[in-house]
There are 2 protein chains.
Amino acid sequence: MNIDGKAWRSIWVEKGGRSVGVIDQTKLPHSFETISIRSCNDAVRSIRQMVVRGAPLIGVTGAYGLMLALQKESSDSALKMAFDQLIETRPTAINLRWALKRVLDRVKPLPPSERSIAARQEADLIAEEDVAMCQSIGNHGLELLKVLAERRPKACQRKPLNLLTHCNAGWLATVDWGTALSPIYKANRSGLDVHVWVDETRPRNQGASLTAFELEREGIPHTLIVDNAGGHLMQHGDVDAVIVGSDRVTRRGDVCNKIGTYLKALAAQDNGVPFYVAMPYSTIDWSISDGLDEVPIERRSGLEVTQVYGLISQASREPLISSVQISPTSCESFNPAFDITPAKLVTSFITERGVTPATEEGLKRLYK
Amino acid sequence: MNIDGKAWRSIWVEKGGRSVGVIDQTKLPHSFETISIRSCNDAVRSIRQMVVRGAPLIGVTGAYGLMLALQKESSDSALKMAFDQLIETRPTAINLRWALKRVLDRVKPLPPSERSIAARQEADLIAEEDVAMCQSIGNHGLELLKVLAERRPKACQRKPLNLLTHCNAGWLATVDWGTALSPIYKANRSGLDVHVWVDETRPRNQGASLTAFELEREGIPHTLIVDNAGGHLMQHGDVDAVIVGSDRVTRRGDVCNKIGTYLKALAAQDNGVPFYVAMPYSTIDWSISDGLDEVPIERRSGLEVTQVYGLISQASREPLISSVQISPTSCESFNPAFDITPAKLVTSFITERGVTPATEEGLKRLYK
């Protein structure tokens, strides 16, 4: 997508494949900096420290991480070690395992000398497919939004279509376009009058920092709200639909996504607001059914709860990003990073193959 | 309640009634400072800037504000002007109107020369009654919590009773004891093993700053969580009950409280977790029925959303409280301060007269 008129992706190959460039997402929206990932260790650190984040982008970064590992040493044991190291970085999103497995399956049967080139090809393919899938999610979602906009009562037709999103499932969470935001980009570019309520998404504020940044650069009207406010807006008819991404969807349609998604789904149901989950097929974990019991929920540092990062206003020229402590300094905190929205609260999935109900039958119909 | 072994209230009369002392709640938990309110204008500023907050404490501060106004000038017109100035500070909580009206009704029939002394008596009475009511709420709530603790399955009896609260409805929100936290204080002092999940309560973080501060000083085990996490905890059986306060309860039992309360009530219902609202009778607005349509919801500055206050770690000795900007600097934001939890989501009210269902009949049975 565009930043100040220049087309960007969230990840790209540099120096003939000797390194991979990414945007340092921990610095956004205050500072736009890129980083070169030069080794598997760099890839591990980037995922762990959330320089890159978002289930699809983590998957692609993992795939390139394997490529970089194989450039250095391409034996079976080195391959296994890199795979294990990368897969342990984030436990919840399934796309990482899916992408790593894809590269592994591609290179494993090859002689070591051919592995790094094949890994590069597979990682490139995963990245390009991700862009195509996100575009397709956008196109299917656009049709849905058009119908939603038209079906509103006449009196509401002059208002923008109000969409609420949680966390960041935009182009920064994928390679390009995004999942939840892709239909919104397509809608805006096609002339549909849209407005986005942006959940700040505590504790890491990916809504306030990343989604707000993306929408601003694309020129899409949006308003930041605290995570607490979405229910109130729905009660007053100010939300026409909720669209979120996902880190893992079970076979029967339970949705694992950023902590707090479940609360918005409950409010959507209570107020008759459609709740859509946009995702590519790599997000589906066919091996599990019950989201609550079977998806491992990452617990992150409590410091993400007690300390908030942002820009300190100051006189000097360089932007200064710092944290402030919001609680007593000795305060205990607990920080589960994801929650499960049961399938019954999901109106439909928006996938690269079309829109489908959140049921096992619905998913199987698309992915036979 | 106690701070480091010394008993405190949130508001007290100083200098024979020429001023009123309060704790500057905007500085907590990082710095404990008191402020003297010396005039009606001081009282207005203190309420507006949230030096004092919490529906019952706002009411008492308003009552003393009228006293200070009458000390300066006690004519009918001065009385009316002070009343109007104070009532406009915060539109949502009903306790302010109730307390101001009580002082007004008491002093209006009197000759101007007797008004300020009578106002002092009435304000003192309101404050003392508030303490007594909060104590009584605590006693009734304690009985409820004892039953809850005993009714848990045997396997859970060794775990602490896990309570979740939103915002701050502790002694800092009243004169002493609090509403939602009063039963928790009583439970802890009576030896019941309790643990409190503290919602941080964006945008102003009264949970992270005030509730965590109160519980720490009283030595009650607690854990800070982001507002997004409560639903996840309830899904996993880690919350035995939710207890919150209220800024206004309608005749039929709809509850206006800090933004985000509604989302917790939905999650409680979805997971079979009891949802209690603790409040004195001054919180009931008998004049209205439908919370969604009839309670004015205060909209506060969007800067509360885009900027987060806290303690900056630094070398100097004095604690430095500053804000950080979490969004792009030009980002629009919307900041409704309260929401409505429909009566159907409330298990019971805990009042100074006992526990009652959230219905018109339930409320009328207590307050004939």
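Hydrogens, waters and symmetry mates play no part in the numbers below; they use all other heavy atoms, side chains included. In what follows, every chain begins at residue 1, and chains take the letters A, B, ... in the order their sequences are listed.
- For a residue to count as touching a neighbouring chain, one of its non-hydrogen atoms must lie under 4.5 Å from one of that chain's; by this rule B:P328 touches chain A with backbone and side chain alike.
- Taking the six-membered ring where the residue is Trp, A:W197 and A:H195 present perpendicular rings, their angle passing 60° and hence far from 30°.
- Of the two parts of A:N205, only the side chain, counted from C-beta on, holds a non-hydrogen atom closer than 4.5 Å to a non-hydrogen atom of chain B.
- Of the N and O atoms on the side chains of A:Y309 and A:E304, not one donor lies less than 3.5 Å from an acceptor on the other residue.
- Of the listed residues B:E332, B:H166, B:R202, the one with more heavy-atom pairs under 4.5 angstrom with chain A than any other is B:R202.
- Using a 4.0 Å cut-off between charged side-chain N and carboxylate O, A:D290 and A:R252 make a salt bridge.
- If you measure heavy-atom distances from A:F334 to chain B, the contacts under 4.5 Å come from both the backbone and the side chain.
- The choice from B:N335, B:D339, B:I326 that makes the most heavy-atom pairs within less than 4.5 Å of chain A is B:I326.
- For the options A:T223, A:I321, A:T211, heavy-atom pairs under 4.5 Å to chain B are most numerous at A:T223.
- In this structure, chain B has a heavy atom under 4.5 Å from the side chain of A:I297, while its backbone stays farther away.
- In summary, A:K344 and B:D270 engage in a salt bridge, as defined by a charged side-chain N under 4.0 Å from a carboxylate O.
- Chosen from B:S323, B:A337, B:G260, B:S322, the residue pairing most often with chain A at heavy-atom distances under 4.5 Å is B:G260.
- Side-chain contact check for A:R53 and A:Q206: no donor-acceptor pair (N or O, by modelled atom type) lies under 3.5 Å.
- Among A:T329, A:V305, A:T306, A:I340, the residue with the largest count of heavy-atom pairs under 4.5 Å with chain B is A:V305.
- A:S209 touches chain B through backbone and side chain together, each having a heavy atom under 4.5 Å away.
- Proximity to chain B involves both the backbone and the side chain of A:P203, based on heavy atoms less than 4.5 angstrom apart.
- Comparing B:H232, B:E200, B:Q235 by heavy-atom pairs within less than 4.5 Å of chain A, the highest count is held by B:Q235.
- Residues A:R248 and A:D285 are paired through a salt bridge, judged by an N-O separation under 4.0 Å between the basic side chain and the carboxylate.
- Contact check on B:R217 versus B:D4 returns a salt bridge, with a Lys/Arg side-chain nitrogen under 4.0 Å from an Asp/Glu carboxylate oxygen.
- Only the side chain of A:P342 comes within less than 4.5 Å of a heavy atom in chain B; its backbone stays farther off.
- Using a 4.5 Å cut-off between heavy atoms, A:H222 contacts chain B through both its backbone and its side chain.
- Salt bridge A:D227/A:K258: absent, no basic N to carboxylate O contact under 4.0 Å.
- For chain A, the nearby part of B:L233 is the side chain; its heavy atoms alone come within less than 4.5 Å.
- For the options A:L224, A:D199, A:L28, heavy-atom pairs under 4.5 Å to chain B are most numerous at A:L224.
- Here B:E298 pairs with B:R300 in a salt bridge; the nearest charged N to carboxylate O distance falls below 4.0 Å.
- Taking the six-membered ring where the residue is Trp, B:F32 and B:F213 present parallel rings, their angle staying beneath 30° rather than reaching 60°.
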